[in-house]
Amino acid sequence: GSVRRRPRDRSGKMSLPPQLRLLLLVSLQLAGSFLLCGGGSVRRRTTSMKSLDPFMLEQLDEIGQTFDALTARLGDADVVGDAEKLKRISQERSKAEETVRVYEEYKKASLEYDDSKALFEESGDDAEMRELARAEVRSLEATLTQLGKTLQLLLLPSDPNDERNVMLEIRAGTGGSEAGIWAGDLMRAYQTYALTQGWQVKVVEASPSDDGGYRGVTLEVAGGAVYSKLKFESGVHRVQRVPATESQGRVHTSTATVAIMPEVDDVQVDIDPKDIEMSTTRSGGAGGQNVNKVETAIDLLHKPTGIRIFCTQERSQLKNKDLAMRLLRNKLYEIAQRERASEIRDQRLMQVGTGSRSEKIRTYNWKDSRCTDHRLNQNFPLDKVLSGDFGPLIAACVALDEKERIAMLAKKVSTRR
């Protein structure tokens, strides 16, 4: 008998019913996922217009290989029998897990995009099929764009100090007694914010001023990822207001300097005992007969830098000595950080981690009830910030920091082309 041929369109291509074309679209996407997961003999590389830069793809492939190797290591006998090694490898694998997962989603979406685009181009005069394919292409373009942005953020190098606790140091600047009062206001705002985050706060070193403020105060802040949020607070904080001591109602401008120092151990900072001059004295004040009759306070001087620390917070000499040494290590580490970060000072606005004490980062204006962050060029409600609501402000700083680091990554990529 005669062979019944399938009808063809004007271009000569075989025409398929809309239902069959839709089935073909789904089948192609399933086949792409099958090949991507290694189910077929060919492992396809996406060629879509939404492909990431080759340099980024290379980095992502390397992360995937490392992740697979770490996963395999978890089953090795020498790892299973060593709790410390098992913990370390698990933590390293965990750091790469999200990047690998998002990259797999990106590759799957790229294959689906290619297949949908090909089906759109082959749909000819079939308006219904073209519209279905066009909608699929647009949806996948949006998905790929979002996944690409997520991968860019995941590829940014993480700050090794982000999970650390910090020493938060506030020093009164220009403005006389009003500067000391302002330093005390900032201290209380940070203490409130720390409590909302579930952190623990302890006064490590304090030098009260005559008007109820502080010439200087240092807080130890401990909890989850403290440095990752507070690192944006380093710099000069300027206040414009009428002081309580001002009888003429004139607005004064005063400043306080904030330094955020991640806690470090003695392995990271090497201190020569010969560089330290230490003496003991009586603490005085509250604490009973022990602090008033026994020399529990520690007066420490680091001769090369001139850093001087006077610790009276603990009730024993040994604890105050340990506290003074910890604070000295943090200060020396901060100095080293500033020196390293100064090399890229002109490239980045946020100056994260530099602790640039001469940089005016924020102005608190009482008359207009606003807090202006000069790095963000953005205003925030003054009353909320001073009541410890730093959340929106810090979130904006994080967003700007990520934007700048992505720009630096893009610049690095362009130089490799």
Side-chain angles (χ1 to χ4, degrees), residues 29-47 51-112 143-144 146-166 198-199 222-229 231 262-270 326 329 333 336-337 340 353 398 402 405-406 408-409 412-413 416:
Q29 291 178 351
L30 288 174
S33 301
F34 178 70
L35 290 170
L36 182 66
C37 297
S41 59
V42 180
R43 191 175 180 88
R44 293 175 55 185
R45 162 78 73 172
T46 177
T47 57
S51 291
L52 294 170
D53 185 276
F55 173 61
M56 294 180 67
L57 288 172
E58 182 182 333
Q59 284 187 302
L60 289 166
D61 286 337
E62 289 178 359
I63 292 173
Q65 292 168 10
T66 302
F67 180 80
D68 291 341
L70 291 171
T71 301
R73 283 285 288 148
L74 289 175
D76 292 348
D78 65 313
V79 175
V80 175
D82 189 331
E84 187 63 32
K85 188 180 290 185
L86 180 64
K87 179 182 177 182
R88 178 174 56 80
I89 293 177
S90 296
Q91 288 175 339
E92 291 178 8
R93 181 184 179 277
S94 178
K95 290 178 182 178
E97 188 170 9
E98 185 179 2
T99 304
V100 172
R101 178 185 60 78
V102 176
Y103 186 35
E104 288 300 316
E105 290 180 15
Y106 183 91
K107 288 189 288 186
K108 179 176 179 290
S110 292
L111 286 174
E112 292 175 358
T143 300
L144 286 168
Q146 185 57 49
L147 289 173
K149 290 179 179 178
T150 303
L151 285 171
Q152 280 185 322
L153 293 176
L154 290 171
L155 282 176
L156 294 176
S158 60
D159 190 330
N161 295 317
D162 274 352
E163 299 300 318
R164 293 183 180 274
N165 300 329
V166 306
W199 299 337
V226 177
Y227 184 77
S228 69
K229 296 181 179 179
K231 63 183 176 183
E263 283 195 333
V264 293
D265 50 43
D266 51 6
V267 175
Q268 293 174 283
V269 179
D270 185 28
R326 283 168 50 206
R329 281 196 296 270
Y333 184 74
Q337 271 194 312
R340 286 195 299 269
V398 170
E402 289 177 344
R405 290 198 291 154
I406 287 174
M408 291 183 69
L409 178 62
K412 181 179 179 182
V413 168
R416 288 175 60 103

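Predicted model, so just to flag it, every value in this text is computed and none were measured.
L154 CG to L60 CG: the interatomic distance, rounded to the nearest 0.5 Å, is 8.5 Å. Here the CD-CG distance, from E92 to L74, works out to 10.0 Å after rounding to the nearest 0.5 Å. For the atom pair CG (L151) and CD (Q59), the distance works out to 11.0 Å, reported to the nearest 0.5 Å. Once rounded to the nearest 0.5 Å, the distance linking CG of L153 with CZ of R405 reads 8.5 Å. Taking CG from L155 and CE from M56, the interatomic distance works out to 5.0 Å, rounded to the nearest 0.5 Å.
Legend: residues meeting side-chain contact (heavy atoms from CB on, under 4.5 Å) with A222, ordered by chain and number and at least two apart, are N165, Q200. Partners of E97 according to the side-chain contact (heavy atoms from CB on, under 4.5 Å) rule, which considers only residues two or more places apart in sequence or in another chain, are F67, R93.
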For K231 and D162: C-alpha separation, side-chain torsions, deciding distance, then whether side-chain contact (heavy atoms from CB on, under 4.5 Å) applies. CA-CA 9 Å; K231 63 183 176 183; D162 274 352; 2.9 Å; yes
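Salt bridge present: K107 and E104 bring a charged side-chain N and a carboxylate O closer than 4.0 Å.
For the pair S94 (side chain) and S90 (backbone), a donor-acceptor distance under 3.5 Å is absent.
The shortest non-hydrogen separation linking V100 to G64 is CG2-CA, 4.1 Å. Residues P262 and Y227 approach most closely at CD-CE1, 3.6 Å, considering heavy atoms.
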Side-chain donor-acceptor distances from residues 77-89 under 3.5 Å, at least two apart:
unit_1 : atom_1 : unit_2 : atom_2 : d
D78    : OD1    : R73    : NH1    : 3.3
D78    : OD2    : R73    : NH1    : 3.4
D78    : OD2    : R73    : NH2    : 3.3
D82    : OD1    : E84    : N      : 3.1
D82    : OD1    : K85    : N      : 3.2

